[in-house]
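Reviewing the structure listed below.
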2 protein chains.
Amino acid sequence: MLTIGELSRATGVKIPTIRYYEQMGLMAAAERSGGNQRRYESQDRERLSFIKHARDLGFTIEAIRELLELSGHPNRPCVDADQIAVRQLEIVRDKIAKLRPLEKELERITAHCHGDQIKDCYVLQSLANHDMCESEH
Amino acid sequence: MLTIGELSRATGVKIPTIRYYEQMGLMAAAERSGGNQRRYESQDRERLSFIKHARDLGFTIEAIRELLELSGHPNRPCVDADQIAVRQLEIVRDKIAKLRPLEKELERITAHCHGDQIKDCYVLQSLANHDMCESEH
DNA sequence: ATAATACCTATAGAAGCTGGAGGAAAAGAT
DNA sequence: ATCTTTTCCTCCAGCTTCTATAGGTATTAT
Ligand SMILES: [Zn+2]
Ligand SMILES: [Zn+2]
Ligand SMILES: [Zn+2]
Ligand SMILES: [Zn+2]
C-alpha cells in the first residue's frame, strides 16, 4: 500500500495532479485509510505510469481515457488504439510544421537588426509588416 | 472611423478578442459612439495588426505589451526589443526540440503494431513501458 | 415604423494542471 | 503517552488566451 506521496515519488506525477486525475475519472477513486487518506496498490502505480507516459508523449486526457478503456478488453482488436496513436503522431507533426515557419521568420527578424534606435528597429518594423515575411503563418 | 466589426474584418481578429485585448490593456479603451459602441481609427488598426502579427509568431501578451511600450520611445536603443525577439526564437526552437523526440517515438510506436488483439497491442505496451523508448522525453 | 443586423456587458468554459488556506492524520522522537 | 514535524485532506482560485453564450440595446436598411 502506497500513500499518495509515495505514489507521486514513484511515478513523477505531482500530488495535486494525482487528485486531479481522480476527479477527471482517469484514476479510480482510491481506497482510504481510517483517517480518510488515499491508499494505492501496484496496479494503481502502473495505471498512473501509463497515464504519465502518454501525457509525456502529448496525448490528451480524452485520448488517454479511451486508451485505458480499450486496455480493459484484451480480446478485442486493437485498431482503435492504433488509430489514436496515429492521430497523435499527426498532431505532433502538425505542431512542428506550424513552428518551422515561425522559426524561419524569427531567425530573419533577429538576424537583421543592427541594434540602433527604436525608430529604425528591424524587429519592430517586421512585426508591423507581415509583407516583410517570407511565409504565411 | 471603424466599428468593432469593421476592425475585426480588417485585421482578422475576432470581436471578443478585440474586447479582451482592451481589457488586458493591449489596446487603449476605444472611443464610444453616442450609443456606447466602440469606434476606432486607423492607428488602432495598425496597433491591432501589430498585435495579431506578433501573436501569430507566438509572442506572449506580456512580450507584446513590452514591444508596444518600447515602440513609444523612438530615440531609445532597440536592444530590448531585439532581445525579446531572440527570446521568442529560443522558445520556438525549444518547442521544436521537444516535439521531435515525440515524433520519433510515435513513429516507432505506430509503425510496429500489427493490429491484432488488444492484449498484444504494441501501442499499448509501449505506453505502459517507457523502457521501450529510444529517447527521454 | 419595422425588421434585420451589429453591438453592449457580464459571465462561464476550455486544458491541464498548480498553489494556497485552514485543518486533520500519521510518523518519529522523547 | 506526549510532542513535533511531516504528510495528508477538501475546497477553491488562478494560470493563458481566447471563445461562446445570454439577455438586452443601437444602428441601418427597407
Ligand atoms: Zn532592433
Ligand atoms: Zn508575418
Ligand atoms: Zn495495436
Ligand atoms: Zn517513453
Side-chain angles (χ1 to χ4, degrees), chain A residues 1-27 29-40 44 48 50-68 84 87-88 91-92 94-95 98-99 102 137, chain B residues 1-27 29-40 44 48 50-68 87-88 91-92 94-95 98 102 137:
Chain A
M1 296 288 260
L2 300 165
T3 66
I4 196 170
E6 288 162 348
L7 180 65
S8 171
R9 265 164 271 147
T11 58
V13 178
K14 289 187 180 144
I15 290 173
T17 305
I18 297 173
R19 296 199 191 104
Y20 171 74
Y21 288 159
E22 179 180 319
Q23 206 183 315
M24 291 300 100
L26 276 194
M27 294 291 290
E31 286 180 54
R32 298 294 180 123
S33 74
N36 198 36
Q37 298 193 354
R38 289 171 180 81
R39 292 296 125 98
Y40 296 94
D44 299 314
L48 186 55
F50 182 102
I51 294 169
K52 170 153 174 56
H53 196 206
R55 283 296 300 133
D56 287 346
L57 287 166
F59 287 86
T60 64
I61 299 284
E62 260 318 292
I64 295 170
R65 195 194 306 282
E66 291 175 48
L67 290 168
L68 288 167
I84 291 170
R87 178 85 190 92
Q88 178 58 22
I91 289 168
V92 169
D94 195 56
K95 283 185 184 172
K98 280 180 175 134
L99 286 168
L102 302 199
H137 47 100
Chain B
M1 293 291 259
L2 301 165
T3 66
I4 196 169
E6 289 163 346
L7 180 65
S8 172
R9 272 175 307 251
T11 58
V13 178
K14 291 188 178 139
I15 291 173
T17 306
I18 297 173
R19 295 199 191 104
Y20 170 74
Y21 288 159
E22 179 179 319
Q23 207 183 316
M24 292 298 101
L26 276 194
M27 294 291 290
E31 284 180 57
R32 299 292 180 127
S33 73
N36 198 36
Q37 299 192 353
R38 289 171 180 82
R39 292 296 125 99
Y40 297 93
D44 299 313
L48 186 56
F50 182 102
I51 294 169
K52 172 157 174 51
H53 195 206
R55 284 296 299 133
D56 287 346
L57 288 166
F59 288 86
T60 64
I61 300 283
E62 260 318 292
I64 296 169
R65 194 194 306 281
E66 289 174 49
L67 289 168
L68 287 167
R87 178 86 191 91
Q88 178 58 20
I91 288 168
V92 170
D94 195 55
K95 283 184 184 174
K98 281 181 174 133
L102 302 197
H137 47 100

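Chain identifiers are assigned alphabetically (A, B, ...) following the order of the sequence lines, protein sequences preceding nucleic acid strands; residue numbering begins at 1 within each chain. In this text the structure is predicted, and so the values were computed from the model without any measurement.
Within the nucleic acid shown, A:Phe59 has no heavy atom closer than 4.0 Å to any nucleic acid atom. Counting any heavy atom pair closer than 4.0 Å across all strands shown, A:Arg19 reaches a base atom.
Judged by distance alone, the side chain of A:Glu6 and the main-chain N or O of A:Thr3 form a donor-acceptor pair under 3.5 Å.
Positionally, the nearest nucleotide of DNA chain D for B:Tyr21 lies more toward the 5' end than for the other of B:Ser33 and B:Tyr21. Residue A:Ile61 is the one, among A:Ile61 and A:Thr3, whose nearest nucleotide of DNA chain C lies closer to the 5' end (criterion: closest heavy atom). Where B:Tyr40 and A:Lys14 each meet DNA chain C at their nearest nucleotide, the meeting point lying more 5' is that of B:Tyr40. Taking for each of B:Thr60 and A:Glu6 the nucleotide of DNA chain D with the nearest heavy atom, the 5'-most of the two is the partner of A:Glu6.
At the phosphate of D:dT19, OP1 or OP2 sits under 4.0 Å from a side-chain N or O atom of B:Thr17.
Between the CG atom of A:Leu57 and the P atom of C:dG16 there is a distance of 14 Å, given to the nearest Å. Distance CG (B:Leu26) to C1' (D:dT16): 13 Å, rounded to an integer number of Å. As a whole-Å value, the separation of A:Leu7 CG from D:dC8 P is 10 Å. Between the CD1 atom of B:Ile4 and the P atom of D:dT27 there is a distance of 15 Å, given to the nearest Å. Atom P of nucleotide D:dT16 and atom CZ of B:Arg55 are separated by 12 Å, given to the nearest angstrom. Summarising the geometry, the separation between CD1 on A:Ile15 and P on C:dG20 is reported as 14 Å, rounded to the nearest angstrom. Between A:Glu22 atom CD and C:dG16 atom P there is a gap of 18 Å when expressed in whole angstrom units. Protein atom CZ of A:Arg9 is 13 Å distant from nucleotide atom P of D:dT6, rounded to whole Å.
B:Lys52 and B:Gly12 make their closest contact through CE-O, 3.9 Å (heavy atoms, listed as atom of the first residue, atom of the second, distance).
Listed nucleotides: C:dC7, C:dT18, D:dC9. Nearest to the side chain of A:Arg32: D:dC9. Here D:dA20 is the nucleotide among C:dC7, D:dA20, D:dC18 with the atom lying nearest to any side-chain atom of B:Pro16. Here the side chain of A:Arg38 is nearest to one of C:dG16, C:dC8, D:dC9, namely D:dC9. The nucleotide whose nearest atom lies closest to any side-chain atom of B:Gln37 is, among D:dC18, C:dA6, C:dG16, C:dA6.
In this structure, B:Arg65 pairs ionically with B:Glu62, as a charged nitrogen and a carboxylate oxygen lie closer than 4.0 Å. No salt bridge links A:Glu22 with A:Arg19; every basic N to acidic carboxylate O contact stays at or beyond 4.0 Å.
Within the 4.5 Å cutoff, no side-chain heavy atoms of A:Arg38 are placed close to those of A:Leu7.
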